[in-house]
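Before any comments, here is the structure.
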Amino acid sequence: MKTFMTGVCLMAAVASAAPAMARDLPVPADKGWKHAQSGVILRAQLAGMTRIGLSDATNGEFDVTAQFATPDKATFATIYLFQPAVQSVPMWFDRARTALEERDIFRNAAPATIDPVAFAAPGATTASSLRQVYALASGRPRSTALAVIPVGQWLVAIRLTSDTLVAEQLDATLSTLITAIAWPAASGAAVPAAVPIAPCSTPLAYGKAKVVKTQGADALVSLLLTAGLATAEARKKPDTPADAPPVWCRGDVAGARYAAYRSSDDAASYVMALGDAGRVITVAPSLIGQVDKKGTYTVTLKDVDGNTAIFATFSALPAPDQVLKAVMNGKPAGRAKAGNITLDSGAF
């Protein structure tokens, strides 16, 4: 994805959570490929399937897609490797499951279990991953499956579908596929067990929010804080104990395009996860608004490549549809990438 998106490109990215074009990675079809940043290795063949596609939706392998299929094309897998703006297996499994279940071809698919199944991927010491297998009563496909696995700050999402295998057989194939991937050695840092997302017990109280002029100081401080946190995270040693992650719950707005999530103990902010590939919009009290007691809210778009852009300030807590409209139709007040901060003087 481009470092900065405007106009039609921004609208397309927000709507689909992916850029309009992806670039093919120049890897020979009979050779394996290693993702340098995560250490994950995808061999040319996995679980009886041959790699038939390998592409990157960014300029730095932050959103990679690999496609595999059996010789008769009856069983095929798509493996996504991305660095989510919010690291949460439950959140991104929930997004991937929603995307799958809302496709017409899978609307009548029956999950093998009521809830996704937590499991320990190769090398993991906790059940930090989630998976789900579905059966289809008739026609093609006959079964489909989904798994999301954490690798440090990265996620691997696997979608596996078959026209010939029943759900039990596909579940076994999924296990074989996961084992066939070459995973990096565990870092030693504790990884929390994955617990499927649940609906929030109480809804957020959205205010009568209006877009107000963003203060330059507010945008600058927010971007400096974002850049500082990103730098601190990048400098952490691999075995540094991770902070306890938030327990996310799903808000009252959810669909294939986006869903709103919030920390279960937070009634003042939320995250909109766009599509299912790691990009988010955060909605939170603005820093200056907390100081001057005006209660304003900042809207920030965060991409998988670390690019952050502040898009709007609201007078109160806005509803997700207002936020999406502001991002799609508005102009960023500032952006941060790799420690570099740019402000648009015309936005203030």
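Throughout, numbering of the chain's residues begins at 1 and tracks the sequence. If you're wondering where the values come from, they're calculated on a predicted model, not measured in any experiment.
Thr113 pairs by the side-chain contact (heavy atoms from CB on, under 4.5 Å) definition with Val117, Gln132, not counting sequence neighbours. For Arg159, the salt bridge (charged side-chain N to carboxylate O under 4.0 Å, His left out) partners at least two apart in sequence or on another chain are Asp276. Ser269 is linked by a side chain to side chain donor-acceptor pair (under 3.5 Å) to Asp266, counting only residues two or more places apart in sequence or in another chain. For Thr75, the side chain to side chain donor-acceptor pair (under 3.5 Å) partners at least two apart in sequence or on another chain are Ser162. Residues that satisfy the ring-ring contact (aromatic ring centres under 6.0 Å, His included) test with Trp183, not counting sequence neighbours, are absent from this structure. Residues that satisfy the salt bridge (charged side-chain N to carboxylate O under 4.0 Å, His left out) test with Arg97, not counting sequence neighbours, are Asp94.
Between the side chains of Tyr134 and Glu101, at least one donor-acceptor pair of N or O atoms lies under 3.5 Å.
Here the side chains of Leu54 and Trp33 are in contact, with some heavy-atom distance below 4.5 Å. Using a 4.5 Å cut-off on side-chain heavy atoms (C-beta onward), Phe311 and Thr300 make no contact. Residues Ile41 and Ile181 form no side-chain contact, since every pair of their non-hydrogen atoms from C-beta on lies 4.5 Å or further apart. Contact check for Pro318 versus Tyr297: side-chain heavy atoms found under the 4.5 Å cut-off. Side-chain atoms of Ile158 and Leu177, non-hydrogen and from C-beta on, do get closer than 4.5 Å to each other. Side-chain atoms of Leu155 and Pro150, non-hydrogen and from C-beta on, do get closer than 4.5 Å to each other. Proximity of Val86 to Met91: side-chain heavy atoms (C-beta onward) are separated by under 4.5 Å at one or more points. The shortest distance between side-chain heavy atoms of Leu160 and Phe68 does not fall below 4.5 Å.
Note: His35 and Trp154 have perpendicular aromatic rings, judged against thresholds of 30 and 60 degrees for the angle between ring planes.
Hydrophobic clustering keeps Val151 apart from Tyr80 (ILVMFWY residues linked when any side-chain heavy atoms are closer than 4.5 Å, directly or through intermediates). When hydrophobic clusters are built by joining Ile, Leu, Val, Met, Phe, Trp and Tyr residues whose side-chain heavy atoms come closer than 4.5 Å, directly or via intermediates, Trp92 is not grouped with Phe119. Follow the hydrophobic side-chain contacts under 4.5 Å out from Val304 and you never reach Val148; the two are in separate clusters.
Atom CZ of Arg140 has 12 or fewer heavy atoms from other residues, nucleotides or ligands within 6.0 Å.
Here the shortest heavy-atom pairing between Pro116 and Leu130 reads CB-CD2, 4.3 Å. Across all non-hydrogen atoms, the minimal contact from Leu136 to Pro141 is CB-O, 3.4 Å.
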For the pair Thr98 and Leu100, evaluate side-chain contact (heavy atoms from CB on, under 4.5 Å) and give the outcome as yes or no after the intermediate values.
CA-CA 5 Å; Thr98 299; Leu100 184 152; over 6 Å; no
Go through the steps to decide whether Thr296 and Ser286 satisfy the test side-chain hydrogen bond (donor to acceptor under 3.5 Å, both in side chains), and finish with yes or no.
CA-CA 6 Å; Thr296 52; Ser286 70; 2.5 Å; yes
For a side-chain hydrogen bond (donor to acceptor under 3.5 Å, both in side chains) check, start with the C-alpha distance between Gln67 and Thr78, then their side-chain angles and the critical distance, and finish with the verdict.
CA-CA 5 Å; Gln67 297 169 313; Thr78 304; 4.7 Å; no
Apply side-chain contact (heavy atoms from CB on, under 4.5 Å) to the pair Phe76 and Ile52, showing each step before the final yes or no.
CA-CA 10 Å; Phe76 48 94; Ile52 58 175; over 6 Å; no
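To the nearest 0.5 Å, atoms CD (Gln322) and OH (Tyr206) are separated by 10.0 Å. Considering CG of Asp72 and OG1 of Thr164, their distance stands at 6.5 Å, rounded to 0.5 Å.
A salt bridge is defined here as a Lys NZ or Arg NE, NH1 or NH2 lying under 4.0 Å from an Asp or Glu carboxylate O, and Arg131 with Asp171 meets this definition.
Looking at Arg95, its side chain does come within 3.5 Å of a backbone N or O of Ala256 through a donor-acceptor pair.
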